Participant: 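Sharing a structure with you now.
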Amino acid sequence: MAPRVRFAPSPTGFLHVGGLRTCLFNFLFARSLGGKLILRFEDTDQSRKVEGAEENLIRSLEWAGITFDEGPTQGGELGPYVQSERLELYRQHVDQLVDAGHAYPCFCSEEELTEMREQQLKRKQPTRYDGRCRRLQPGEVTEKLDAGMPYVVRMKIIHSKGDYYIDDQVRGQVRFAPSQIDDQVILKTDGFPTYHLASVVDDHLMQITDVIRGEEWLPSTPKHLQLYEYFGWEPPKFYHLPLLLNPDRSKLSKRQGDVATEDFRDKGYLKEGLVNFVALLGWNPGDEREIFSMDELVKEFSMSRVGKAGSVFDLQKLGWMNQQHIKLKSLEELMELLAPYLPEAAKALPAEQLAKMVEVSRDSLVLLSDIADRLELFLNDQAQVKDPALLATIKTEESKAVYRAFLEEVASLEQLNAENFGQVMKAVQKASGQKGKALWVPMRLAITLVEHGPELPLVADIFGKERCVHMVQRALEAQ
RNA sequence: GUCCCCAUCGUCUAGUCGGCCUAGGACACCAGCCUUUCACGUUGGUAACAGGGGUUCGAAUCCCCUUGGGGAUGCCA
């Protein structure tokens, strides 16, 4: 049977790159096996709802190249795909559990629960609900209910049947003692379900076969399994993915840098770079290849090659990977991608001229946004060399000899281009007596005003004779 | 506090039935080469099986303990 998997974020803001990775694994799993990927919004927490978050999530996912078969925008047979639109469904299932004696109303106040937790901590006991409302007499319950007392519904954890086992597809068998598992709240005072109930009900109703999610869910999986059992449903397979980590190895979070997919996009990362990078966090193809397109990932991906240890999100390597993907782009594609990052002065240039500048600069781009810096030397001929050391280099007698020789040599030339620049430099070497660094560095500084840049002949070609002469003249006159 | 997960170079990782591992690749770093220049490219180098016990002819690989890190412990997801 073709698998059905889902990505179920809560719309509380942006798409976290950890979420992107989880979603990507679901996507690759589904696509590689000819299955379906479903998008579902888990908006059961009213207080955390953020305006526009759903649209934002969808936009980021779309940007990354992840497509869904069913979801809020594409619809599907088993919708609605937004949990706040499924309240009645959850209510029914909670009632069913209560009627069967698998769940019970709990009237404990927040203060009561806090007090209980503190006591348990003090006694070095596990902090979990002690089940006081579980022991309420039926009469007491109806009395409180009739009095309109606010309540939640908790599921029962079974303590008499031994340990709970889960068969995690990436970690193997994991065991939990019932004494450690809480009688989890499944329906809140406001009538909304909690994640635990809603995700189990939806996963079943939406016929999810494989649940691929972050490792933070591992400890609550026994509760989910118990719910499946209470309902008499067959549970899906569970895969708990290792976490993405900050450089200090804590769970990847804001505070220590960007974590929003859109931030990476805005900063000039290619979707191909980001996707390739997160795909390799916790998964590898088994050989030494590292650069993959989305199609290649689909072809190569396998859950059996997913690891168990968390991975640090290393910006340095992400940058390198992004650079590799930039290199893979054709000049036409790159020009289009670069458009948002172009300075005004560049946009004003003839397209052909601009394309030439990009062509000679592109290999050093780590981020698309680096283009502004790389183009600087072409756009700003009024700039001044500020670094004292570089300025000193320009002013030496040796450099001036180079400049004089260059001007003399070029004077008789019709034009200066990439082809004849080498000959000119050879002649300049002879006339000035300078060679190697002593020859090229002063020339580079004079013409581009900076010490790093594309090959000088290529720059000179783009500038043309007139501008080169002008710049060298300026350097010669520098005080 | 309690429970669970994890543990190979600084980082991402290969190592999937223990021998082919004097532990391989990549990023980063360093050096050489290339280009009469920086960069690009290229070649090479530094660098790891957390520690201790077992099991075995043989362990990075299996078991136990210790240590370290992380996660969960919410009427958040």
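Each chain gets a letter, A, B and so on, in the order its sequence line appears, and its residues count up from 1. In this text the structure is predicted, and so the values were computed from the model without any measurement.
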Participant: Looking at every strand, decide which applies to A:G214 at a 4.0 Å heavy-atom threshold: base, sugar-phosphate, or nothing.
Facilitator: nothing
Participant: Partner lookup for B:rC62, please. Criteria are Watson-Crick or G-U wobble with both distances under 3.5 angstrom; report none if nothing qualifies.
Facilitator: B:rG54
Participant: Do A:D203 and A:S199 have side-chain atoms, one donor and one acceptor, less than 3.5 Å apart?
Facilitator: no
Participant: Could you go over nucleotides 70-77 of chain B and give all protein N or O partners under 3.5 Å, atom names and distances?
Facilitator:
unit_1, atom_1, unit_2, atom_2, d
B:rG71, OP1, A:K251, N, 3.1
B:rA72, OP1, A:K251, NZ, 3.2
B:rU73, O2', A:T127, O, 3.0
B:rU73, O2', A:T127, OG1, 3.1
B:rG74, OP2, A:R117, NE, 3.2
B:rC75, O2, A:T189, N, 3.0
B:rC75, O2, A:T189, OG1, 2.6
B:rC75, N3, A:T189, OG1, 2.5
B:rC75, N4, A:C108, O, 3.4
B:rC76, OP2, A:K188, NZ, 2.3
B:rC76, O2', A:D45, OD2, 3.0
B:rC76, O2', A:R48, NE, 3.1
B:rC76, O2', A:R48, NH2, 3.4
B:rA77, OP1, A:T44, OG1, 2.6
B:rA77, OP1, A:K188, NZ, 3.1
B:rA77, OP2, A:Y195, N, 3.2
B:rA77, O4', A:R48, NH2, 3.4
B:rA77, O3', A:E42, OE1, 3.3
B:rA77, O2', A:S10, OG, 3.4

Participant: Could you give the distance separating B:rC12 and B:rG70 at their P atoms, to the nearest angstrom?
Facilitator: 14 Å
Participant: Any side-chain N or O of A:K437 under 4.0 Å from OP1/OP2 of B:rU36?
Facilitator: no
Participant: Specify whether A:W440 and A:F421 have parallel, tilted or perpendicular ring planes, treating 30° as the upper limit for parallel and 60° as the lower limit for perpendicular.
Facilitator: tilted
Participant: Would you mind classifying the nucleic acid contact of A:M425 as base, sugar-phosphate or nothing, using non-hydrogen atoms under 4.0 angstrom?
Facilitator: base
Participant: Starting the side chain at C-beta, find the nucleotide from B:rC40, B:rC12, B:rC4 nearest to A:S311.
Facilitator: B:rC12
Participant: Distances for protein N/O vs nucleotides 20-23 of chain B N/O pairs under 3.5 angstrom?
Facilitator:
none

Participant: To the side chain of A:D314, which of B:rC3, B:rU11, B:rC40 is closest?
Facilitator: B:rU11
Participant: Mind checking A:Q120 for me? I need base, sugar-phosphate or nothing, with any heavy atom below 4.0 Å counting as a touch.
Facilitator: nothing
Participant: For B:rU73, which nucleotide is its Watson-Crick or G-U wobble mate, given both distances must be under 3.5 Å?
Facilitator: B:rG1
Participant: With a 4.5 Å limit on heavy-atom distance, are the side chains of A:Y81 and A:D202 in contact?
Facilitator: no
Participant: Using a heavy-atom cut-off of 4.0 Å across all strands, would you classify A:L281 as base, sugar-phosphate, or nothing?
Facilitator: sugar-phosphate
Participant: Could you please name the partner base of B:rU35, counting Watson-Crick and G-U wobble pairs only when both distances are under 3.5 Å?
Facilitator: none
Participant: Identify whether any heavy atom of A:R444 sits under 4.0 Å from a base atom; if not, whether one sits that close to sugar-phosphate; answer base, sugar-phosphate or nothing.
Facilitator: base
Participant: When you measure from the side-chain N and O atoms of A:N284 to the phosphate of B:rU13, is any distance below 4.0 Å, counting only OP1 and OP2?
Facilitator: no
Participant: Taking the six-membered ring for Trp, are A:F238 and A:H224 parallel (under 30°), tilted (30 to 60°) or perpendicular (over 60°)?
Facilitator: tilted
Participant: Looking at B:rU37, B:rA26, B:rC40, which one has an atom nearest to any side-chain atom of A:E455?
Facilitator: B:rU37
Participant: Of A:R128, A:R134, A:R132, which meets salt bridge (Lys or Arg N to Asp or Glu O under 4.0 Å) against A:D183?
Facilitator: A:R134
Participant: By the definition side chain to side chain contact (heavy atoms under 4.5 Å, CB included), identify the one residue from A:D163, A:I166, A:I157 that meets it with A:F176.
Facilitator: A:I166
Participant: Taking only residues two or more places apart in sequence or in another chain, which ones pass side chain to side chain donor-acceptor pair (under 3.5 Å) with A:K329?
Facilitator: A:E272
Participant: With respect to A:Y239, which candidate in A:F29, A:W283, A:F25, A:W217 satisfies the ring-ring contact (aromatic ring centres under 6.0 Å, His included) definition?
Facilitator: A:F29
Participant: May I ask you to say what A:K426 touches in the nucleic acid, namely base, sugar-phosphate or nothing, with a heavy-atom cut-off under 4.0 Å?
Facilitator: base
Participant: Is there a Watson-Crick or G-U wobble partner for B:rG18 with both distances under 3.5 Å, and if so, which one is it?
Facilitator: none
Participant: Hey, can you tell me if A:F277 and A:F313 have their rings parallel, tilted or perpendicular (30° and 60° cut-offs)?
Facilitator: perpendicular
Participant: If you measure from the P atom in B:rG25 to the same atom in B:rG45, how many Å do you get, rounded?
Facilitator: 9 Å
Participant: Is the aromatic ring of A:W320 within stacking range of B:rC27, meaning centres under 5.5 angstrom and planes under 30 degrees?
Facilitator: no
Participant: For B:rG10, give the paired nucleotide (Watson-Crick: N1-N3 plus N6-O4 or O6-N4; G-U: N1-O2 and O6-N3; both under 3.5 Å), or none.
Facilitator: B:rC27
Participant: Look at all strands and tell whether A:K308 reaches a base, only sugar-phosphate, or nothing, counting heavy atoms closer than 4.0 Å.
Facilitator: sugar-phosphate
